[in-house]
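See structure below.
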2 protein chains.
Amino acid sequence: MAAEPTYLELADGLAASLGNAGERVVSENELAERHGVSRPTARAALQELERRFLVRRIRGAGTFVSRRIDYVISHDTAPSASATLRLAGAEPDVELMSARTMGAAADVALHLDIERATPVVHLQRRIRIDGIVTSWTSAYLLACAVPGIASQMRCHTSLFQVLREQYGIESQRRWSRASLELPTDTVIQTLELEGRPPTWLVEGVNHDRADRRRAIEFTRSWMRADVVNVVFEMGHPPEVVR
Amino acid sequence: MAAEPTYLELADGLAASLGNAGERVVSENELAERHGVSRPTARAALQELERRFLVRRIRGAGTFVSRRIDYVISHDTAPSASATLRLAGAEPDVELMSARTMGAAADVALHLDIERATPVVHLQRRIRIDGIVTSWTSAYLLACAVPGIASQMRCHTSLFQVLREQYGIESQRRWSRASLELPTDTVIQTLELEGRPPTWLVEGVNHDRADRRRAIEFTRSWMRADVVNVVFEMGHPPEVVR
DNA sequence: CAGTGGTCTAGACCACGGG
DNA sequence: CCGTGGTCTAGACCACTGG
């Protein structure tokens, strides 16, 4: 016999009977009572489900089925966070945190292949999904290529769309990198994280489809791993069966 | 005041004073005694470090500082697990689990762009790092391109190397995909996982550099997220400062 | 064998959310 | 206000590792 621990038995049982996203899951007390175990054991089962990204727990409210969103990064998908999230069926809520022009720092200059201190526009945005802060993005754009973009961003949400419609720039991925990292204190504050859970770090450089030699934009995003599953795809996928 | 929970204070304190990989960390009892807290609280602190992939805990032995290996997937890195791991400073220990010829199933046929039931060689391998089963890979190779490879693999460890040295095939990534998924029961058994922790799923199709039209190999790997950090890179990285 | 981490109990108080 | 999950205590037994 496997003789699995009680809390894992409970977790597996619950996992198999989870409802649709957003639905409520039994409380710790109810689970404990129903199965004749102590509250810590029932609690361990629910925490196990949270570690598996299957539920979200909110103090004072309860435990709820969560949906984890596939955030697909590939050559074929547009370099637009809101579009990528919408593609996965989510309703992203974009908040512009700051927009200002500054001289490029060393890392930004390196990625954009420009001299240090070249003017760049720094946009900071946060995206909420179902009220949860899901991503925090710093975008650095070549200032000379996007004059007045700061004011544009104040009345639009999608940077990708503004670039296309206001500046005629068809943004396209030149380079991109994703990994699961330990968040810094700033990230923890901005994403309103508890503890210090491994978090996606996604960086990328984009250029205009019409002028591939010049990099236009460098972005650095942190994304909650419990809300989003980053799926990274490289090269051309096999033909899907039709 | 932040009024952080005791166990997080303890975790942060320990995290800041961790030694080199492999070194021992204080035991639960010692931590509890030293800080005048209960064992469950001390335990929670150590478990928090485990969730951050900073330590590994072994029943009966203790808690040890772990190093997490960057597994870099990019166009520039060779499609070889052992080479990728060695590049990161690890010493992979490859075990050939099975090698047999079979007819291609639907998914394999799709990825290799061949008819179903076309003969393919199925290689199953496991890689251990520091004694821990880190990855489990199923590789499907076009049988006609690699005659007798099963016996070759019994005396060599690197498939990439065998393809190059025995068959003159310079394996190169055509398509690749990585994400963090919930492991199936089979994966849990094979990787000797406890619980059902999110695990890397990496799939890829490779071809010969000399004949890019024909796919040679389809691989599907599961890798422990606590041992390996998959870093996925697409396109050409910016020039490194020299 | 002693010490480790893994599991479990039966309580307690708290901060928070919603009715 | 009550119920929720978050934290914490003080015990207990077990399986396992190592000397």
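Numbers restart at 1 for each chain; the letters A, B, ... are given by sequence-line order, proteins then strands.
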Which part of the nucleic acid does B/Ile58 contact within heavy-atom distance under 4.0 Å: base, sugar-phosphate only, or nothing? sugar-phosphate

Within-4.5 Å side-chain heavy-atom neighbours: A/Asn229 and B/Glu181: yes

hbond_proxy B/Arg56 side chain to C/dG5 base (donor-acceptor, 3.5 Å cutoff): no

Just N and O in the side chain of [X]: are any of them under 4.0 Å from OP1 or OP2 of [N]?
{"X": "A/Asn29", "N": "D/dT4", "result": "yes"}
{"X": "B/Thr63", "N": "C/dT4", "result": "no"}
{"X": "A/Tyr7", "N": "C/dC8", "result": "no"}
{"X": "A/Ser38", "N": "C/dG11", "result": "no"}

5' priority, DNA chain C, between A/Gly60 and B/Gln47 [closest heavy atom]: B/Gln47

When you match A/Thr41 and B/Gly62 each to their closest nucleotide on DNA chain C, which lands nearer the 5' end? B/Gly62

Rounded to whole Å, how long is the line connecting atom [atom1] of [X] with atom [atom2] of [N]?
{"X": "A/Leu31", "N": "D/dG5", "atom1": "CG", "atom2": "P", "answer": "10 Å"}
{"X": "B/Glu50", "N": "C/dG5", "atom1": "CD", "atom2": "P", "answer": "11 Å"}
{"X": "B/Arg39", "N": "D/dA12", "atom1": "CZ", "atom2": "P", "answer": "13 Å"}
{"X": "A/Phe64", "N": "D/dG3", "atom1": "CZ", "atom2": "C1'", "answer": "12 Å"}
{"X": "B/Glu28", "N": "D/dA10", "atom1": "CD", "atom2": "P", "answer": "16 Å"}
{"X": "A/Glu33", "N": "D/dG3", "atom1": "CD", "atom2": "C1'", "answer": "13 Å"}
{"X": "A/Glu9", "N": "C/dG6", "atom1": "CD", "atom2": "C1'", "answer": "15 Å"}
{"X": "B/Arg24", "N": "D/dG18", "atom1": "CZ", "atom2": "C1'", "answer": "10 Å"}

Hey, are B/Ser138 and B/His122 close enough side-chain-wise for a donor-acceptor pair under 3.5 Å? yes

Between B/Arg173 and B/Thr77, is any side-chain donor less than 3.5 angstrom from a side-chain acceptor? yes

Side chain of [X]: nearest nucleotide among [options]?
{"X": "A/Ser27", "options": "D/dT4, C/dA12, C/dC8", "value": "D/dT4"}
{"X": "A/Pro40", "options": "D/dG5, C/dT9, D/dT9", "value": "C/dT9"}
{"X": "A/Arg43", "options": "D/dC8, D/dG5, C/dG5", "value": "D/dG5"}
{"X": "A/Arg59", "options": "C/dT9, D/dC16, D/dG5", "value": "D/dG5"}
{"X": "A/Thr6", "options": "C/dG17, D/dT7, C/dC8", "value": "C/dC8"}

Tell me whether [X] is salt-bridged to [Y], with the criterion being a basic N under 4.0 Å from an acidic carboxylate O.
{"X": "B/Arg220", "Y": "B/Asp107", "value": "yes"}
{"X": "B/Arg57", "Y": "B/Glu50", "value": "no"}
{"X": "B/Arg128", "Y": "B/Glu95", "value": "yes"}

Between B/Val37 and A/Glu30, which is nearer to the 5' end of DNA chain D once each is assigned its nearest nucleotide? A/Glu30

